[in-house]
Amino acid sequence: MTDAVRPRLVPLPDEEWDDEIRAALSPLLPGQRANPRDAGNVLGTLVRHPDLTRSYLHFNAHLLRASTLSDRVREVALLRAVHVRRSDYLWDHHLPLARRAGLTDAEIDAIAEGDPVDTLDRLLVRTVDELNATNTVGDATWSALREHFDERQILDLLFTIGCYQLLGAAVNVLGVLPESQ
């Protein structure tokens, strides 16, 4: 998706992790996983600003754990959002989550291509694409969303898309490397 990644900020070195850093991760990671290895490169980089990280993770934890959306709907929208942001890191990170949510490799490929077979998946891709292109959705898309989702679900959907577009852009700007590098 993207050109070669050049790190601009690297994860906080192990020796600089302290209680404040671990507390910043608490909205998403339990205490035993609030360490450099389990946090991964994205969170390990974000903790360079602990207050921002803690606030962001409260929001992100809602989208991942308390959302009114099904895991499948969340992952379809999220995958398309990080695809249009060209965030290889987040795409690769969410592939296992998408598969656990029931998406097949063929469905995942179709999301990337912007041409899913499933009607609801097509609507989700269209929603992401319209938001990405115009920062809104057209009346036809809004009407279709209202047929499938209640108000809370639509809000969770819009904020999931926006959250992951923001995170994808941040990951790209910061040059966050995959864990294997």
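The figures that follow rest on heavy atoms only: side chains count, while hydrogens, waters and symmetry mates do not. The residues of the chain are indexed from 1 along the displayed sequence.
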Considering only heavy atoms from C-beta outward, does the side chain of [X] approach that of [Y] to under 4.5 Å?
X	Y	answer
Tyr56	Pro27	no
Leu78	Leu97	no
Leu123	Thr127	yes
Leu157	Ile161	yes

Between [X] (side chain only) and [Y] (backbone N and O only), is there a donor and an acceptor less than 3.5 Å apart?
X	Y	value
Asn41	Leu177	yes
Arg85	Leu166	no
Arg65	Leu28	yes
His83	Ala112	yes
Trp17	Leu12	yes
Arg122	Val117	yes

Q.
Go through it in stages, so that I can follow the logic: the residues are Arg54 and His58, the test is side chain to side chain contact (heavy atoms under 4.5 Å, CB included), and I'd like the CA-CA distance, side-chain angles, deciding distance and then a yes or no.
A. CA-CA 6 Å; Arg54 183 180 306 102; His58 275 289; 4.0 Å; yes
Q) Any salt bridge (Lys or Arg N to Asp or Glu O under 4.0 Å) pairs touching residues 95-109, not counting sequence neighbours? A)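 Qualifying pairs: Arg72-Glu107, Arg99-Asp105.
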**Q.** Check against side chain to side chain contact (heavy atoms under 4.5 Å, CB included), Val82 and Leu167
**A.** CA-CA 8 Å; Val82 301; Leu167 185 58; over 6 Å; no
(Q) Could you go through Val125 and Asp129, starting from their C-alpha distance and side-chain angles, then the distance that decides it, and tell me whether this counts as side chain to side chain contact (heavy atoms under 4.5 Å, CB included)? (A) CA-CA 6 Å; Val125 166; Asp129 290 353; 3.6 Å; yes
Q: Decide yes or no on side-chain hydrogen bond (donor to acceptor under 3.5 Å, both in side chains) for Thr68 and Gln153, but give the supporting numbers first.
A: CA-CA 5 Å; Thr68 58; Gln153 290 172 313; 5.0 Å; no
(Q) Apply side chain to side chain contact (heavy atoms under 4.5 Å, CB included) to residues Glu130 and Asn135 and explain how you reach the verdict. (A) CA-CA 7 Å; Glu130 286 182 25; Asn135 282 324; over 6 Å; no
Q: First locate atom OG of Ser55, then atom CG of Asn60, and finally report the distance between them rounded to the nearest 0.5 Å.
A: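 So the gap between those two atoms works out to 12.5 Å.
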(Q) Quick check for you: to the nearest 0.5 Å, what is the distance between Glu75 atom CD and Ser70 atom OG? (A)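 Output value for this atom pair is 9.5 Å.
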Heavy-atom neighbours of [X] [atom1] exceed 12 at 6.0 Å:
X	atom1	result
Glu15	CD	yes
Asp139	CG	no
Phe149	CZ	yes
Asp19	CG	no

For residues [X] and [Y], report the shortest heavy-atom separation together with the two atoms involved.
X	Y	answer
Ile21	Glu16	CG1-O, 4.1 Å
Arg74	Thr160	CG-CG2, 4.0 Å
Val128	Ala77	CG2-O, 3.7 Å
Asp38	Arg33	CB-O, 3.1 Å
Val42	Glu179	N-OE2, 4.3 Å
Val10	Thr45	C-OG1, 3.8 Å

(Q) Check for me whether the distance between the ring centres of His94 and Tyr164 falls short of 6.0 Å. (A)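 Here the rings of Tyr164 and His94 have centres that are less than 6.0 Å from each other.
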Q | Check: Arg80/Asn132 side-chain N/O donor and acceptor closer than 3.5 Å | A |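 No.
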Q.
I'd like to know if the side chain of Thr141 pairs up with that of Arg126 as donor and acceptor (distance under 3.5 Å, no hydrogens or angles considered).
A.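 Thr141 vs Arg126: donor-acceptor pair found between side chains.
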(Q) Is there a path of hydrophobic side-chain contacts, each under 4.5 Å between heavy atoms, that joins Leu52 and Leu43? (A)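 Different clusters: Leu52 never reaches Leu43 through Ile, Leu, Val, Met, Phe, Trp or Tyr contacts under 4.5 Å.
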Q) Is Leu29 reachable from Leu57 through a run of hydrophobic residues whose side-chain heavy atoms are each under 4.5 Å from the next? A)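 Yes; Leu29 is reachable from Leu57 via cluster members.
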